[in-house]
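What follows is a short report on a single structure.
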Amino acid sequence: MSLVQVAAAIIIKDNQVLIAQRPAEKHKGGYWEFPGGKIEASESAESALARELLEELDIHIADPAEFSEIRFDYPEKSVLLKFFLVTEFNGEPRGLEGQPVQWVAINQIENYQFPEANLPVVEKLLSMSDSKAEY
Ligand SMILES: Nc1nc2c([nH]c(=O)n2[C@@H]2O[C@H](COP(=O)(O)OP(=O)(O)OP(=O)(O)O)[C@@H](O)[C@H]2O)c(=O)[nH]1
Ligand SMILES: [Mg+2]
């Protein structure tokens with residue numbers, strides 16, 4: 001099975017993180033996600049991330065920082081998710097594809113349902129909010 005490479009952003013502002021709800025018809029439709037999408041063959045992860053965030057949220061990002069990398073095998077596809085921390089961006093994020101987007105306090109994200117692959121990254125974020133890191 002092919003491995004789909006994905007770049008996704010953990011966008012943080014004032015101790016809140018931006019999450020988006022996946023469209024019903026897509027893989028994992030209805031689940032919350034960290035915005036992003038597939039890395040095209042010609043792109044770096046960082047340039048894919050910048051492109052996807054402009055397409056999906058209408059923001060320009062600067063200086064994404066590697067946060068974690070997760071390989072996960074769903075029954076229907078395998079993904080390599082490259083998560084980046086984004087704290088610098090221009091523009092007010094809005095769901096350009098009609099998807100609901102929401103700022104959520106980091107210590108509340110356990111109340112939202114993410115795709116199974118995201119579990120380690122959600123836990124890492126929660127442990128950072130426990131340790132009172134400020135962004
Ligand atoms: N963006 C994003 N995708 C995720 C996350 N977790 C996760 O398992 N995925 C999976 O990664 C895959 C690629 O994401 P995507 O559907 O956003 O890709 P895309 O924006 O290029 O959309 P497209 O399929 O319309 O071209 C999907 O199968 C999705 O279920 C996440 O937190 N963010
Ligand atoms: Mg996407």
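One-based numbering, in listed order, for ligands and for the atoms of each.
Residues I12 and I106 form a side-chain contact, since some pair of their non-hydrogen atoms from C-beta on lies under 4.5 Å apart.
The shortest N/O to N/O separation between G36 and ligand 1 falls below 3.5 Å. Backbone and side-chain nitrogen or oxygen atoms of K28 are examined, and none is located within less than 3.5 angstrom of a nitrogen or oxygen of ligand 1. Ligand 1 has no N or O atom lying under 3.5 Å from any N or O atom of F83, backbone or side chain.
Of the protein's heavy atoms, K38 N, 3.0 Å lies nearest to atom 21 (O) of ligand 1. Annotation: atom 4 (C) of ligand 1 to nearest protein heavy atom, L81 CD2, 4.0 Å.
Remark: E56 engages E33, P35, E52, E97, Q99 in a side-chain contact (heavy atoms from CB on, under 4.5 Å) (not counting sequence neighbours).
The OE2 atom of E56 and the O atom of G36 meet at the Mg ion (ligand 2) at an angle of about 80°, given to 10°.
Within the cation-pi definition used here (under 6.0 Å to the ring centroid, within 45° of the axis), K77 does not qualify as a partner of Y74.
Residue contacts with ligand 1: E116 is excluded, as none of its non-hydrogen atoms falls under 4.0 Å. Heavy-atom distances between E55 and ligand 1 stay at or above 4.0 Å for every pair. Residue-ligand proximity: Y31 is placed with every non-hydrogen atom at 4.0 Å or more from ligand 1.
Counting atoms of ligand 1 from 1 in the listed order, those under 4.0 Å from a heavy atom of H27 are 27 (C), 28 (O), 29 (C), 30 (O).
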